[in-house]
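Not measured: the values here are computed from a predicted model. Chain A is the first sequence line, chain B the second, and so forth, proteins listed ahead of strands; every chain is numbered from 1.
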2 protein chains.
Amino acid sequence: MIKILVVDDEPQIARALRINLTAHGYEVATAPDGAQALRAAAALVPDLVVLDLGLPDMDGTEVIAGLRGWTSAPILVLSGRAASAEKIAALDAGADDYVTKPFDIGELLARVRAATRRGNAGGDSPATEIGSATVDLAARTVKRDGAEVRLTKTEWQLLEVLLRNPGKLVGQRELLHRVWGPNYDRETNYLRQYMAQLRRKLEADPARPVHLLTEPGMGYRFKP
Amino acid sequence: MIKILVVDDEPQIARALRINLTAHGYEVATAPDGAQALRAAAALVPDLVVLDLGLPDMDGTEVIAGLRGWTSAPILVLSGRAASAEKIAALDAGADDYVTKPFDIGELLARVRAATRRGNAGGDSPATEIGSATVDLAARTVKRDGAEVRLTKTEWQLLEVLLRNPGKLVGQRELLHRVWGPNYDRETNYLRQYMAQLRRKLEADPARPVHLLTEPGMGYRFKP
DNA sequence: ACCGGCCATCAAGAAAGCGTCAAAGGTGCG
DNA sequence: CGCACCTTTGACGCTTTCTTGATGGCCGGT
């Protein structure tokens, strides 16, 4: 979850931002002035800071400088002042973007996405645990006891369908359709063949599977 | 020297930008339309692109998409339209900033500084190790045992996609799309050809690659 | 207890994908 | 205009993977 720190002394604006950002899946914290903003930033280590320049206790550039001392998280400045000199000062102090009030909330969200996109570029992907093995669907890697395990294309496709429906039973026909195509309905021997291979590569005891389970007559199930 | 590509169909604006940017120590190239912009970007590999959205031949978001396939250099959009929907579309297409005309040249320069600062200090160590070879994506250089290794344009594009996803599997369709364009889907022989050349130039034992790996039936992977 | 259905496992032949070599178009440059 | 380099093709062994068939075990129904 991406953490955003909103710094604004006007409660209604802070509240509006919090609601909008939270609704879009961000984790939001707020601070009403510069001192608390710096403290909150140190405690939370946010991934992005939305900073109003019109704070009661400190100058905006000081806050930026205080943040830039130890973090390189993007800083998106809000301000009522449209003067170019103000913008230049903020940007050169270390801000990444500058939006003048009144602002369109959709545009602000787009700028937030643009700013966070860069940080996410080399990011990690979610991994699923299967007993002693770790499966990374995005990277297409499997690690087991530190060693890499290689899966073939068909094995990946089958495993992916199961892992994307954790705990749920997936019918044999659905598995066949998703992996081999709509013309395959009754080739359950394919499933047996490849489930056995997956178990051999992932389960601690392939003969007695714990996570890749067979539901006789119906299908298969991945149990986390 | 930081290279900037200015894309604008209005000669006086392009000229004004070139003069101002050059005066501030940047190396500037210009392009009057989208097609030439993409060609110039491929040839120059700029560190930043200033892009006017009102181009005669292509939609602005198409140009952004075309650039984003190749490079992750910051894109600063200029536009006469102040509508939020336009801004959101451009930012979500991959732009990093959006400035409406008429703009203050000082502010633009500050935004250029902010965008380039992020690229330099953003924590990305531009040098990647591949066995005995050292690849610098930003400088477009490869050194191996002290000697320079030359890569062709296509080789660079292919290598860049892989290196930007370290450890991750990149599907062959995605590789074809990113390097040769969206009309290439099944020309896996291209991939074989160029992967072989890259391995010959980078791997210690091209016949038994350690870093540029093949995942049969799926794609290729760069393993650090 | 017998039988039939379903599943796991093993063992081939068939097919697809990969690496490599070689050579024909294109393009830019001197 | 010719040259050099890069890109695009084509073809051929070779390995890996997919497909297919056969065998034996487990379980519920008769």
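- Between A:Arg173 atom CZ and C:dC6 atom P there is a gap of 12 Å when expressed in whole angstrom units.
- Distance alone, capped at 3.5 Å, is enough to place a donor-acceptor pair between the A:Lys3 side chain and the A:Leu44 backbone.
- Rounding to whole angstrom units, CG of residue B:Leu176 and P of D:dT7 are separated by 15 Å.
- Here A:Glu155 lies out of heavy-atom contact (under 4.0 Å) with every strand.
- Using a cutoff of 4.0 Å between basic side-chain nitrogens and carboxylate oxygens, A:Arg111 and B:Asp97 are scored as salt-bridged.
- Axis orientation changes by 30° from one end of the helix from C:dA1-D:dT30 to C:dG30-D:dC1 to the other, with each end axis drawn from 5 pairs and the value rounded to 10°.
- Salt bridge status for B:Glu10 with B:Lys101: present, with a side-chain N to carboxylate O gap under 4.0 Å.
- At a threshold of 4.5 Å between non-hydrogen side-chain atoms, the residues B:Val77 and B:Leu91 do not count as touching.
- The CD atom of A:Glu215 sits 15 Å away from the P atom of D:dC27 (whole-angstrom rounding).
- By the 4.5 Å heavy-atom criterion applied to side chains, B:Glu155 and B:Gln197 are counted as neighbours.
- Contact annotation: B:Gln193 side-chain N/O to D:dC6 OP1/OP2 distance is not under 4.0 Å.
- OP1 or OP2 of D:dT8 lies within a sub-4.0 Å distance of a side-chain N or O belonging to B:Trp180.
- The shortest distance between side-chain heavy atoms of B:Trp156 and B:Val135 falls below 4.5 Å.
- At the heavy-atom level, B:Arg200 lies nowhere under 4.0 Å from the strands shown.
- Distance, A:Gln197 CD to C:dC10 P: 11 Å, rounded to whole Å.
- With hydrogens and angles disregarded, no donor-acceptor distance shorter than 3.5 Å links the side chain of B:Glu203 to the backbone of B:Arg208.
- Phosphate contact (OP1/OP2 of C:dG19, side-chain N/O of B:Thr214, threshold under 4.0 Å): present.
- To the nearest angstrom, P of C:dC7 lies 12 Å from CG of A:Leu175.
- OP1 or OP2 of C:dA8 has at least one side-chain nitrogen or oxygen of A:Tyr220 nearer than 4.0 Å.
- Between A:Leu191 atom CG and C:dT9 atom P there is a gap of 14 Å when expressed in whole angstrom units.
- C:dC6 atom P lies 9 Å from atom CD of A:Gln172, rounded to whole Å.
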Polar atoms only, N or O, under 3.5 Å: list the protein pairs with nucleotides 11-17 of chain D and their distances.
{"unit_1": "D:dT17", "atom_1": "OP1", "unit_2": "A:Arg150", "atom_2": "NH2", "d": "2.8"}

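- Between B:Met218 and A:Gly219, the residue anchored nearer the 5' end of DNA chain C, judged by the nucleotide with its closest heavy atom, is A:Gly219.
- Side-chain N or O atoms of B:Arg221 include one that pairs as donor or acceptor with a backbone N or O of A:Arg140 at under 3.5 Å.
- Between the P atom of D:dC6 and the OH atom of B:Tyr190 lies a distance of 17 Å, rounded to the nearest Å.
- Of the possible polar contacts, none joining the B:Lys223 side chain to the B:Val210 backbone as a donor-acceptor pair under 3.5 Å is found.
- For the pair B:Asp96 and B:Arg68, the salt-bridge criterion is met [side-chain N within less than 4.0 Å of a carboxylate O].
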